[in-house]
Amino acid sequence: MNTSDIVMPNAVAETLVNPRCYADKRIHDAYTWLRQNNPLGVAKPDGYDPFWAVTKHADILHISKQNDLFHNGDRQATLTNQESDRRVREITGGSPHLIKSLVQMDAPEHPKYRALAQAWFLPGNLKKLEDRIRTIARGAVDKMAARGGRCDFVNDVALLYPLHVIMEILGVPEEDEPRMLRLTQELFAPQDPDTARAQPADLDPAEYAKALTAVVDDFEAYFTKISDDRRANPRDDFATVIATSKVNGQPLPRLEQMGYYMIIATAGHDTTSSSTAGAIWGLAENPGELAKLQADPSLIPGLVDESIRWITPVKTFMRTATEDTEIGGRSLAKDDWLMLCYASGNRDEEVFEDPFSFLVDRKPNKQVAFGYGGHVCLGQHLARMEMRILFEELLPRLKSIEHDGEATMTQAFFVNGPKKLPIRYEMV
Ligand code: HEM
């Protein structure tokens with residue numbers, strides 16, 4: 001990596017790897033500075049291999065759609081420090097991946113594995129779930145109404161609804177949902193003191209691999225039982241699809257099978273919960289936007305996409321260059337590591353007018369929170385559908401909404417979103 005004139009100031013680089021900065025405006029201050037001064041700059045934070053921070057919308061698309069030139073699996077697919085990387089490789093015998101799911105794969109393997117789930121998560125197939133999802137959404141709204149006008153929207157509503165939907169799809173029994181929620185939070189936010197399994201992982205790099213291994217072991221123990229059961233007693237659920245599918249004529253190897261269960265059981269709810277809570281946060285802060293929706297419910301899909309843009313729950317994924325290449329006059333070398341900063345792309349002033357405002361009628365809304373290209377979010381149609389249905393049920397009953405105490409965000413640089421959102425509201 002030739003970095004002489006393109007290295008960003010150390011304070012900015014440290015912000016990109018500091019989970020606490022993702023819980024307040026420091027991360028957006030850093031992104032804004034980078035977009036204006038060094039949109040494709042090199043970060044060299046202490047304890048990490050250097051990486052390029054990709055902060056412009058156009059560059060995120062350019063890289064994401066070239067899946068042969070920018071691989072997911074050659075190095076870590078999510079930001080990892082050198083010490084944790086060393087320990088993971090020790091455990092796996094040299095691989096940078098403790099988990100092997102779609103996000104750690106490249107062609108020719110990736111399209112074959114993705115094909116197993118693709119049809120299931122397309123709008124045509126999801127349509128058959130609409131009525132069931134509406135029933136679950138109505139139940140969530142009824143519970144909110146029964147709380148008498150005050151709740152913590154994250155913990156009382158947003159976390160539970162998409163969790164229930166994806167666990168039904170997967171075939172996980174309701175009594176195990178709290179366990180799945182806890183494991184997901186431990187996997188996605190190991191640096192947050194409220195969700196970390198032990199000490200926040202970034203305080204002691206050695207802790208990270210240890211905690212991650214323990215969480216992965218728990219997931220595996222759980223899904224091994226489910227998988228054994230579905231092979232013996234197939235059902236009409238997604239667990240059966242994973243347990244009985246074949247790739248290259250063979251059942252899925254254990255690592256890949258467990259990776260599949262894990263990505264659906266984690267990516268399938270936390271992100272959608274964060275975006276749903278983001279919608280309520282945005283509306284509580286902007287009563288004018290709630291009034292627009294009340295006057296014109298056809299704006300609900302706009303609310304959904306604007307909330308996803310505003311929160312951008314998946315903050316980063318990493319890519320690795322497979323050859324020397326050039327982007328915007330900058331030379332990248334083979335094996336260079338790149339951080340796709342989706343939340344920065346979603347505040348890009350060249351693409352979004354007034355990017356820091358929450359506008360339910362934003363048009364067009366070219367948000368990039370679901371990624372792009374061969375790895376674009378498999379669950380994007382499900383996520384949009386769940387949110388649309390919830391707001392179709394909630395908005396006709398919601399008269400007003402306001403903050404009722406301090407709202408907070410999780411401290412994590414991979415997936416983060418609202419952690420606590422106390423609100424006061426009037427419902428009919
Ligand atoms: C608002 C909600 C969601 C957001 C913002 C989101 C975001 C993302 C992002 C940024 C990626 C990586 C895309 C890339 O590399 O180009 C991704 C991948 C993925 N998402 Fe989502 N996601 C959401 C909901 C869901 C849901 C509900 C599911 C349930 C099935 C899901 C399953 C997946 C899977 C399996 C992948 C890996 C795809 C691949 O690598 O081929 N996501 N998501």
Side-chain angles (χ1 to χ4, degrees), residues 54 60-67 70-73 77-78 97 99-107 109-123 125-126 129 133 158 161-170 180 184 188 238-239 241-242 256 259-279 303-320 338-346 367-390 414-418:
V54 186
I60 293 171
L61 298 187
H62 174 82
I63 291 163
S64 300
K65 69 185 176 194
Q66 298 190 72
N67 299 105
F70 298 101
H71 269 183
N72 278 42
T78 54
H97 313 301
I99 301 169
K100 193 164 174 201
S101 74
L102 292 177
V103 296
Q104 283 89 14
M105 292 181 188
D106 294 290
E109 209 177 19
H110 174 257
K112 292 183 193 167
Y113 277 85
R114 185 159 166 129
L116 307 180
Q118 183 94 359
W120 228 93
F121 289 98
L122 284 178
N125 189 57
L126 293 174
L129 301 177
I133 293 179
Y161 162 65
L163 177 72
H164 191 55
V165 172
I166 198 71
M167 292 305 153
E168 264 199 24
I169 290 175
L170 202 48
M180 289 293 121
T184 303
F188 280 171
F238 198 70
V241 175
I242 300 172
E256 285 79 352
Y260 229 121
Y261 281 118
M262 254 183 263
I263 196 166
I264 302 292
T266 54
H269 58 96
D270 192 80
T271 46
T272 315
S273 301
S274 289
S275 306
T276 305
L303 163 71
V304 169
D305 263 59
E306 180 65 345
S307 311
I308 294 171
R309 182 191 75 87
W310 209 52
I311 291 291
T312 311
V314 177
K315 293 293 178 294
T316 55
F317 261 117
M318 306 300 287
R319 295 289 195 267
T320 304
L338 298 96
M339 175 190 264
L340 300 176
C341 300
Y342 300 112
S344 175
N346 276 341
Q367 56 88 2
V368 73
F370 290 118
Y372 198 66
H375 285 274
V376 68
C377 177
L378 183 79
Q380 60 171 319
H381 305 295
L382 175 63
R384 283 200 178 97
M385 178 175 163
E386 286 178 63
M387 291 178 67
R388 169 180 59 77
I389 292 175
L390 183 79
F414 173 35
V415 182
N416 94 322

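All values reported here derive from a predicted model rather than from experimental measurement. Read the numbers this way: they start at 1 and go in the same order the structure lists the ligands and their atoms. In what follows, residues are counted from 1 in the order of the sequence shown.
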Query raised in the report: Quick one: which ligand 1 atoms are inside 4.0 Å of a heavy atom on H110?
Result: 39 (C), 40 (O), 41 (O)
Query raised in the report: Looking at ligand 1, does G373 have a heavy atom less than 4.0 Å from it?
Result: no
Query raised in the report: Do T312 and N346 have side-chain N/O donor and acceptor atoms under 3.5 Å apart?
Result: yes
Query raised in the report: Of the protein's non-hydrogen atoms, which lies at the shortest distance from atom 30 (C) of ligand 1, and what is that distance?
Result: F121 CE2, 3.6 Å
Query raised in the report: In ligand 1, which numbered atoms sit nearer than 4.0 Å to a non-hydrogen atom of V103?
Result: 37 (C), 40 (O)
Requested in this report: Run the numbers for me: atoms of ligand 1, each under 4.0 Å from some heavy atom of R114, listed by number.
Outcome: 38 (C), 39 (C), 41 (O)
Query raised in the report: Can you tell me which residue and heavy atom of the protein come closest to atom 20 (N) of ligand 1, and the distance to 0.1 Å?
Result: C377 SG, 3.2 Å
Report task. Give a yes/no on ligand 1: does P313 have at least one heavy atom closer than 4.0 angstrom to it? Result -> yes
**Report entry** Shortest protein contact, atom 34 (C) of ligand 1 (heavy atom only)
**Finding:** L378 CB, 3.8 Å
Query raised in the report: Does the pair R319 and H71 meet the rule for a side-chain contact (heavy atoms from CB on, under 4.5 Å), with working shown?
Result: CA-CA 5 Å; R319 295 289 195 267; H71 269 183; over 6 Å; no
Report summary line: shortest atom 25 (C) of ligand 1-to-protein heavy-atom contact is with A267 O, 3.3 Å
Query - N/O donor-acceptor pair under 3.5 Å between Y260 side chain and Y113 backbone - result: yes
Query raised in the report: Taking only heavy atoms of V376, which atoms of ligand 1 are found under 4.0 Å from at least one of them?
Result: 16 (O)
Requested in this report: Any atoms of ligand 1 less than 4.0 Å from a non-hydrogen atom of S275? List them with their elements.
Outcome: 1 (C)
Requested in this report: For Q380 and V376, indicate whether the former's side chain and the latter's backbone hold a donor-acceptor pair under 3.5 Å.
Outcome: no
Requested in this report: Measure from atom 24 (C) of ligand 1 to every heavy atom in T271, T312, D270 and give the option owning the shortest one.
Outcome: T271
Report summary line: Nearest non-hydrogen protein atom to atom 11 (C) of ligand 1, with distance, is F317 CE1, 3.8 Å
Query raised in the report: Does any donor atom in the side chain of H110 or H375 lie under 3.5 Å from an acceptor atom in the other side chain?
Result: yes
Report task. Please find out if less than 6.0 Å separates the ring center of Y261 from that of F238. Result -> no
Report summary line: closest protein heavy atom to atom 40 (O) of ligand 1 is H375 ND1, 2.7 Å
Report task. Measure the distance from atom 27 (C) of ligand 1 to every protein heavy atom, then report the residue, atom name and distance (to 0.1 Å) of the closest one. Result -> G268 O, 3.5 Å
Query raised in the report: What atoms of ligand 1 come within less than 4.0 Å of a heavy atom belonging to V314?
Result: 7 (C), 8 (C), 10 (C)
Query raised in the report: In this structure, which one of T272, T276, V304, I133 forms a side-chain contact (heavy atoms from CB on, under 4.5 Å) with L390?
Result: T276
Query - Min N/O separation Y372 to ligand 1 under 3.5 Å - result: yes
Query raised in the report: Donor-acceptor pair, N72 side chain versus D106 backbone, under 3.5 Å?
Result: no
Report task. Specify the protein heavy atom at minimum distance from atom 10 (C) of ligand 1: its residue, its atom name, and the distance to 0.1 Å. Result -> A369 O, 3.2 Å
Query raised in the report: So, S273 side chain and A158 main chain: donor-acceptor pair closer than 3.5 Å or not?
Result: yes
**Report entry** Contact check, R319 vs ligand 1, heavy-atom distance below 4.0 Å
**Finding:** yes
Query - Main-chain N/O of S101 paired with Q104 side-chain donor or acceptor, under 3.5 Å - result: yes
Query raised in the report: Donor-acceptor pair, H97 side chain versus G73 backbone, under 3.5 Å?
Result: yes
Requested in this report: Determine, using ring centers only, whether F370 and Y342 are less than 6.0 Å apart.
Outcome: no
